[in-house]
There are 2 protein chains.
Amino acid sequence: MAFTIGELGKATGTKVETIRYYERIGLLAKPERTSGNYRSYGKAELGRLSFIRRARDLGFPLDQVRALLSLSDDRTRDCATVDALARDHLAEVERKIVDLTALRSELSALLDSCEGGTVGDCRIIEALAPPATSGETL
Amino acid sequence: MAFTIGELGKATGTKVETIRYYERIGLLAKPERTSGNYRSYGKAELGRLSFIRRARDLGFPLDQVRALLSLSDDRTRDCATVDALARDHLAEVERKIVDLTALRSELSALLDSCEGGTVGDCRIIEALAPPATSGETL
DNA sequence: CTTGACCCTGTAGTTCCTACAGGGTGCATA
DNA sequence: TATGCACCCTGTAGGAACTACAGGGTCAAG
Ligand SMILES: [Zn+2]
Ligand SMILES: [Zn+2]
Ligand SMILES: [Zn+2]
Ligand SMILES: [Zn+2]
């Protein structure tokens, strides 16, 4: 029924240092200690850390995880805030996908255009170098 | 013909602090100084900083930018190394797109499944909470 | 001559961990 | 009992790529 920090880590896929870090920043409460000053965790902490990890896996940053945790405490409240948080995060993920997709096109166009040869002829370098105002070496 | 740091920043879309940062980490050489100890830049620095910025905009991390810069110096060399760098980076971008796309599906499925109501019924919270081993509040 | 925009240095903060260094603790084994 | 060894403790620093002060100088205009 009681875990050491290492066991809690194994159970949740979290490194020991990360758990201590979460404690330091107040995301996890300070747990009880054994006589030998080891942290001692129970089911409640396991649940809380699992929650945190799943939210992190979904890409929520820690401050949003914090918000989700405190929202989830009051089960009678309207879930609109939770949903808004998730919607915001989804929008952010979508923005990143758009950005990266544009990047991918640029990069692959660059790669397609390079035909090998010397750096002097490489289209990738050429694309990076500033527009030739007059013909001299960088 | 000579720019202040602010002018160089405006010309390249770079914050002044970022330029000083690049200098500190050796990505830009220490420029000349005016009598009043202001940094003074010329065309060459403008070109180099533009190169850096474009590479950054394409998502290359600074150490790869550094590598690209030093590769671009020797224009007679084979461009295979440049191309390999770009290919690696493209692969990385593609990995991120895959990850984010999976994330997007998960998030939007979650959002679709929530029908409003209280936090107690919210599917988003439910999906984050650990599998109910017995029915108690977190 | 004063105001304001700009510049200088140096340091600390951001995000989310991760990695030591320099110690204790707990359990098995020889 | 001594000795490993795996694990735990605290506290601090690093890493990526900036960003933001604080506490000053400099320069051009009015
Ligand atoms: Zn987000
Ligand atoms: Zn090439
Ligand atoms: Zn990359
Ligand atoms: Zn909901």
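Protein chains get the first letters and strands the later ones, always in sequence-line order, with residue 1 at the start of each. Bear in mind that the values here come from a model prediction, so they are computed numbers and not experimental data. All heavy atoms count here, side chains included; hydrogens, waters and symmetry mates do not.
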Report the distance from atom CD of A/E45 to atom CZ of A/F3, rounding to the nearest 0.5 Å. 9.0 Å
Can you list the residues that meet the side chain to side chain contact (heavy atoms under 4.5 Å, CB included) rule with A/S40, with sequence neighbours excluded? A/A2, A/T34
In Å and rounded to the nearest 0.5 Å, what is the CD to CG distance from B/E92 to A/L107? 10.0 Å
Under the rule for side chain to side chain contact (heavy atoms under 4.5 Å, CB included), what residues qualify as partners of B/T101, not counting sequence neighbours? A/I97, B/I97, B/R104
Integer-rounded Å distance: D/dC27 C1' and B/E7 CD: 13 Å
Selection: residues 35-42 of chain A, any non-hydrogen atom under 4.0 Å of DNA chain C: A/G36, A/Y38
By side chain to side chain donor-acceptor pair (under 3.5 Å), which residues pair with A/S70, not counting sequence neighbours? none
Can you check the B/K96 NZ to D/dA16 C1' distance for me, whole Å? 11 Å
Categorize B/T34 for me: base, sugar-phosphate, or nothing, with a 4.0 angstrom heavy-atom threshold over every strand shown. nothing
If you measure only the distance, is there a donor-acceptor pair under 3.5 Å linking the side chains of A/R53 and A/Y22? yes
In residues 11-19 of chain B, which ones come under 4.0 Å of DNA chain D, going by heavy atoms? B/K15, B/E17, B/T18
What are the 5'-most and 3'-most nucleotides of DNA chain C lying under 4.0 Å from any heavy atom of chain B? C/dC6 to C/dT9
Measuring only between side-chain heavy atoms, which start at C-beta, is A/L111 closer than 4.5 Å to A/I124? yes
Under 3.5 Å, is there a donor-acceptor pair linking the side chains of B/T81 and B/D83? no
Contacts of B/T118 meeting side chain to side chain contact (heavy atoms under 4.5 Å, CB included) (sequence neighbours excluded), chain-then-number -> B/D121
Checking A/L49 against A/L28 for the side-chain contact (heavy atoms from CB on, under 4.5 Å) test, could you report, in this order, the C-alpha distance in whole Å, the side-chain angles of both residues, the deciding distance, and whether it holds? CA-CA 8 Å; A/L49 182 53; A/L28 292 175; 4.3 Å; yes
Among residues two or more places apart or on two chains, list those pairs meeting salt bridge (Lys or Arg N to Asp or Glu O under 4.0 Å) that have a residue in residues 22-39 of chain A. A/E23-A/R39
Going by the rule side chain to side chain contact (heavy atoms under 4.5 Å, CB included), which residues pair with B/V16 if we only count those two or more places apart in sequence or in a different chain? B/I5, B/R20
Run the side chain to side chain donor-acceptor pair (under 3.5 Å) test against A/D99 and tell me which residues pass, sequence neighbours left out. none
So how far is it from B/L85 CG to B/L71 CG, rounded to the nearest 0.5 Å? 7.0 Å
Heavy atoms only, 4.0 Å cut-off, all strands: where does B/R53 land among base, sugar-phosphate and nothing? sugar-phosphate
Listed in order of residue number, which residues of residues 20-32 of chain B have a non-hydrogen atom at under 4.0 Å from DNA chain D? B/Y21, B/Y22, B/R24
From A/L62 atom CG to A/Y21 atom OH, the distance as rounded to the nearest 0.5 Å: 5.5 Å
Atom pairs, N/O to N/O, protein against nucleotides 28-30 of chain D, distance under 3.5 Å?
none

